[in-house]
Amino acid sequence: WQTNDLSVSVVPAPPADAGPDVYLCAGGNANIGGNPTTTGGTSVSWSAESVTIRNYLNSTSSPNPTALVPVGVVDTFWYVVTASNGGTCARTDTMFVFSNPLPTANAGNDVTVCSGGSVALGGSPSSNAANILWQGETPAATSWLSNTTAANPQVTVPQGTIGTFYYVLTGTTASCVETDTVNVISNPAPVVNAGADQSLCEGGVVTLGGNPTVIGGTSFLWSGQDII
């Protein structure tokens, strides 16, 4: 009988790393793939769940291509990377791209308040973003807000604080940011003086009011206990 020797070489398949899932906004772009995507492989190929989505990539043979999601496309889709050694050995890995709506920010119209008073900020709605943050032009102005992450917070201007202050609304979704600004105009609160209590006889006449009756006011309104 005869024998023959046969040598078998085991060639390891190259690793494939499609990288972490990516979160972006419609119209945005991101590089995909690992760091590195493969080692020891002689070729890399990217595929997707559809030809349209595959065409979002600027290259299907680059280890780290750029995925550009068109404006208006809000969806979740996947990409598969295949690393090959040029022979029969290959490995694959999958990653997902989450495309979110572009954030909006509407800080609302400028508002006027009397010193010591409160007023609500923000539009209706103020933002569609996943995260909302309000900030004043100074840390002190920020501290006047009832809540820096609410859609429509209240701002309370301390008594005696006069001037114009701005607030910035920032809406953030994934890595996309949109901002808007609103002004808060704080005016002096008017000082009123109805005058001293007075006594008079039935049918008599008396003049009411202080000296002066109002400081800083632009209009006057008197009301009584009863209307006869």
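Since we're looking at a predicted model, the values are computed, not measured.
- Judged as a side-chain contact (heavy atoms from CB on, under 4.5 Å), and not counting sequence neighbours, the contacts of Ala120 are Gln154.
- For residues 177-201, no residue pair satisfies the ring pair (Phe, Tyr, Trp, His ring centres under 6.0 Å) rule, not counting sequence neighbours.
- Minimum heavy-atom separation, Val157 to Val113: CG2-CG1, 3.8 Å.
- Inter-residue side-chain proximity for Val44 and Thr82 is flagged as unmet; no heavy-atom pair is nearer than 4.5 Å.
- Listed by first then second residue, pairs satisfying side-chain hydrogen bond (donor to acceptor under 3.5 Å, both in side chains) with a partner in residues 123-138 read Thr104-Asn128, not counting sequence neighbours.
- Between Ala107 and Val182, the shortest heavy-atom distance links the atoms O-CB, 3.6 Å.
- Side chain of Asp180 to main chain of Leu169: no donor-acceptor pair is present (N/O by atom type, distance under 3.5 Å, no hydrogens or angles).
- Among pairs with a residue in residues 21-35, those fulfilling side-chain hydrogen bond (donor to acceptor under 3.5 Å, both in side chains) read Asn31-Thr66, at least two apart in sequence or across chains.
- Here Thr164 pairs with Asn183, Ile185 under the side-chain contact (heavy atoms from CB on, under 4.5 Å) rule; sequence neighbours left out.
- Annotation: side chain to side chain donor-acceptor pair (under 3.5 Å) contacts of Thr149 (sequence neighbours excluded): Asn147.
- Applying the side-chain contact (heavy atoms from CB on, under 4.5 Å) criterion to Thr173, with sequence neighbours excluded, gives Cys25, Asn100, Pro103, Ala129, Ala130.
- For residues 139-193, the ring pair (Phe, Tyr, Trp, His ring centres under 6.0 Å) pairs, not counting sequence neighbours, are Trp144-Phe165.
- Residues satisfying the side-chain contact (heavy atoms from CB on, under 4.5 Å) criterion with Pro20, sequence neighbours excluded, are absent altogether.
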Could you pull out all donor-acceptor pairs under 3.5 Å where a side-chain atom in residues 46-56 meets a protein atom, sequence neighbours excluded?
{"unit_1": "Trp46", "atom_1": "NE1", "unit_2": "Ser62", "atom_2": "O", "d": "2.8"}
{"unit_1": "Glu49", "atom_1": "OE1", "unit_2": "Trp78", "atom_2": "N", "d": "2.9"}
{"unit_1": "Ser50", "atom_1": "OG", "unit_2": "Ile53", "atom_2": "N", "d": "3.2"}
{"unit_1": "Asn55", "atom_1": "ND2", "unit_2": "Val51", "atom_2": "O", "d": "3.3"}

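- Sorted pairs that involve residues 177-211 and meet ring pair (Phe, Tyr, Trp, His ring centres under 6.0 Å), not counting sequence neighbours, are lacking altogether.
- Screening residues 112-121 for side-chain hydrogen bond (donor to acceptor under 3.5 Å, both in side chains), with sequence neighbours left out, gives Ser118-Thr156.
- Hydrophobic clustering (side-chain heavy atoms under 4.5 Å, transitive across Ile, Leu, Val, Met, Phe, Trp, Tyr) groups Val22 together with Leu57.
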